[in-house]
Number of protein chains: 2
Amino acid sequence: MSHRQQAVTISDVARLSGVSPATVSRVLNDGIGFSEDTGRMVLDVVARTGYQANGIARALRVLKSGTVGLVVPDITNYFFSQVVEHVERELFAERYSTIICNTGRDAEKENSYLKKLDSKMVDGLILISGNPSTSQDVEVPNLPIVCVDREIAGSESTTFVSSDHEQGGYLATAELIAKGTRPVVLTTAYESTSSSARIAGYRNALRAHGIPESDARIIRVQAAEGGTNVSAALDDEVSAIVANLYAERTEAPIGVFATNDTLAVNAVNAALQRGIQIPQEFAIVGFDDSLISRVVHPPLSTIHQDVPKLAQVACANLIKLMAGDDLLEKRTRIPVWLESRATT
Amino acid sequence: MSHRQQAVTISDVARLSGVSPATVSRVLNDGIGFSEDTGRMVLDVVARTGYQANGIARALRVLKSGTVGLVVPDITNYFFSQVVEHVERELFAERYSTIICNTGRDAEKENSYLKKLDSKMVDGLILISGNPSTSQDVEVPNLPIVCVDREIAGSESTTFVSSDHEQGGYLATAELIAKGTRPVVLTTAYESTSSSARIAGYRNALRAHGIPESDARIIRVQAAEGGTNVSAALDDEVSAIVANLYAERTEAPIGVFATNDTLAVNAVNAALQRGIQIPQEFAIVGFDDSLISRVVHPPLSTIHQDVPKLAQVACANLIKLMAGDDLLEKRTRIPVWLESRATT
DNA sequence: TTGTACGCGTTATCAA
DNA sequence: TTGATAACGCGTACAA
């Protein structure tokens with residue numbers, strides 16, 4: 001039984017109702033163009049048989065499927081999973097199904113999925129952050145597309161929605177300055193668009209507060225963070241960095257702006273293990289407001305991304321595009337805010 | 001432009017190659033039944049035009065889609081997201097696409113998705129934990145189905161894969177006993193199959209170590225845990241529970257088996273805030289080995305679920321079912337293990 | 001108000 | 001080795 005049978009088709013319903021398939025279709029889709037009796041009859045048979053139109057056949061006929069593809073680099077990442085959740089919810093409300101594709105940041109897999117989605121006649125695409133380096137050579141189908149959190153290289157024409165990372169970097173740094181610390185950036189080795197923007201915000205804040213550019217210190221962590229596995233190498237490296245910062249400190253306490261919460265938490269733990277006072281001697285602001293930031297002690301001050309808004313704007317844009325409308329704004333930045341907790 | 005155009009169809013390729021659509025199909029799908037020249041010709045045209053078969057049309061013709069549906073209650077839950085990741089990977093390797101559906105534990109939405117998946121002619125279904133109470137009245141399509149982590153009520157015939165929660169409860173409790181504590185269970189108000197099994201394991205361990213059944217203490221937390229939002233009420237309630245336990249203690253230190261990591265971390269933090277020594281005065285074992293368990297301080301001892309194995313068995317079973325084979329084992333329990341860290 | 005006929009793009013069967 | 005033809009299930013002109 002490798003091949004399935006459609007339980008009940010429109011012809012079955014037609015036969016059982018004593019009408020033609022066309023009439024059944026009219027009753028179910030148009031809502032007009034038939035007598036009251038016929039309508040009742042057909043609906044009755046539909047209810048009895050549990051008939052449901054075959055979406056594949058319908059899609060082939062009308063050349064659209066009522067589904068949108070959602071491509072995500074790593075579903076186990078809390079931020080991405082939240083975006084997925086909200087996007088899915090928005091689209092469901094608009095009667096779209098969502099095909100979620102997890103690429104594992106693998107460009108080949110991403111390509112494969114994009115092709116498959118195209119062949120499945122999805123009506124539109126939401127691309128959450130493509131593969132970092134190779135996204136140049138990703139072949140994107142000719143469809144309504146909205147990119148979230150990262151643009152696809154080469155196509156400035158596609159619409160794009162992301163958090164205002166630069167504002168986030170500014171807010172984090174300003175907080176550290178307000179607390180009387182000398183702010184430093186702790187970030188990952190790999191330079192993504194969003195982390196660059198966060199660092200740009202850091203520089204902006206220095207400038208705005210009259211701190212000389214030469215005082216800017218950006219410390220890059222080499223060790224990989226790893227999705228599922230926590231890297232012990234990361235622990236060690238961050239620990240050494242914290243020790244160095246503390247040793248080199250002047251009279252002003254140290255302020256660390258970590259460009260993500262994982263780094264921030266690592267830094268907090270490293271400081272605590274050395275008996276350094278938080279936030280008196282050592283203040284930290286993270287980024288993302290991930291789950292761990294609230295559950296860790298002391299709770300982490302961090303930049304919060306407005307995921308529901310992000311998803312909402314992305315979906316609204318996509319729906320407009322799918323309807324054939326043009327967009328007023330091709331690029332949207334969603335405001336972020338500081339969640340000030342116990343590390344500043 | 002609400003309707004799309006297929007860029008290039010099999011007829012286009014046929015015309016450009018000077019053969020019939022049937023021959024193109026043979027070249028692409030069968031690999032035999034044509035001359036060498038024809039094969040080259042067709043493949044050349046395919047490469048030039050970038051033709052890709054329309055999956056919808058093919059699905060309609062062969063009555064299968066090469067996709068499987070994956071229904072998950074909450075994608076932002078780390079355990080579920082890991083299952084999704086691994087299931088998706090396994091299926092991708094077998095050339096299946098995966099449609100991931102996030103139900104938000106909403107029975108109505110689950111039903112809606114099941115119907116839609118059916119109508120999209122998915123070849124099989126993986127159901128990760130259904131809606132708790134209402135799963136009785138979920139209408140499951142007549143398809144190959146594998147349930148993960150929770151059975152659907154009423155249908156003992158469906159195949160089922162989950163972690164050995166009972167073993168987990170046993171291991172956690174045995175650890176607490178071995179450390180010389182009097183073990184207690186801290187769990188949520190709602191009784192799911194898996195948490196019941198975990199508690200059963202707790203009882204087994206008591207019995208096996210000669211601790212009278214009357215000493216079993218199961219404390220249920222009323223406050224909701226909430227997916228995205230952390231509940232302050234939960235904090236307070238757990239804090240009160242910890243205080244009570246500590247006040248009532250006899251000479252033996254307190255051992256808490258929390259049936260999930262969130263509860264465990266709450267308990268740890270509550271104890272720390274009261275200055276209670278961990279693990280000397282207060283030992284804790286969680287369940288799930290979630291992300292927070294490793295990043296929290298002190299790192300949490302917890303029961304680890306073997307998600308890759310879980311996904312692998314589930315997919316292997318589904319693939320067999322989809323091939324029309326029968327399964328030797330309808331119910332599989334995947335072993336768990338204790339990750340002993342700093343809270344025991 | 002209703003039915004007939006066609007086509008969406010493919011693959012499978014049959015005959016050449 | 002190849003091509004014409006039919007069929008998967010549906011929606012929709014068009015005719016009645």
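Predicted, not measured: the structure shown is a model, and the values here were computed from it. Below, read A as the first sequence line, B as the second, and so on, with proteins coming before strands; counting in each chain starts at 1.
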A:Asp306 vs A:Ser163 side-chain heavy atoms within contact, under 4.5 Å: no
Any B:Thr38 side-chain nitrogen or oxygen under 4.0 Å from OP1 or OP2 of D:dT2: yes
Closest nucleotide among D:dT12, D:dG3, C:dG9 to the B:Ala57 side chain: C:dG9
Note, A:Val307 side chain near A:Phe79 side chain (heavy atom, < 4.5 Å): yes
Euclidean distance, A:Cys147 SG relative to A:Leu125 CG, rounded to 0.5 Å: 8.5 Å
Rounded interatomic separation in angstrom, taking CG from B:Asp37 and P from D:dT1: 12 Å
DNA chain D: 5'-proximal contact among A:Ser11 and B:Arg26 (nearest heavy atom): B:Arg26
B:Asp12 (side chain) donor-acceptor with B:Thr9 (main chain) under 3.5 angstrom: yes
Candidate list B:Val68, B:Val122, B:Leu321, test side chain to side chain contact (heavy atoms under 4.5 Å, CB included), partner B:Pro144, passing option: B:Leu321
B:Asp44 and B:Arg48 ion-paired at < 4.0 Å: yes
Difference in axis direction between the ends of the helix from C:dT1-D:dA16 to C:dA16-D:dT1, five pairs, 10°: 50°
Nearest-angstrom distance from the residue atom CG of B:Leu28 to P of D:dT2: 15 Å
Whole-Å gap separating C1' (D:dG11) and CG (A:Asp30): 9 Å
Short side-chain N/O contact from A:Tyr51 to OP1 or OP2 of D:dG9, under 4.0 Å: no
Euclidean distance, atom CG of residue A:Asn29 to atom P of D:dG9 [Å, nearest integer]: 17 Å
Sugar-phosphate, base or nothing in reach of A:Ala22, heavy atoms under 4.0 Å: base
Rounded distance (Å) that lies between atom C1' of D:dC10 and atom CE of A:Met121: 12 Å
N or O in side chain of B:Thr23 less than 4.0 angstrom from D:dG3 OP1/OP2: yes
Rounded distance (Å) that lies between atom P of C:dT10 and atom CD1 of A:Ile56: 14 Å
Side chain of B:Phe34 (C-beta onward), nearest among D:dG11, D:dT2, C:dG3: D:dT2
Donor-acceptor side-chain pairing of A:Arg333 and A:Ser162 below 3.5 angstrom: yes
Quiz item: A:Arg61 side-chain donor-acceptor pair to C:dG9 base, under 3.5 Å: no
Between P of C:dA5 and CD1 of A:Ile10, the distance in whole Å: 17 Å
Whole-Å distance separating the CG atom of A:Asn54 from the C1' atom of D:dC8: 9 Å
Sugar-phosphate, base or nothing in reach of A:Ser35, heavy atoms under 4.0 Å: sugar-phosphate
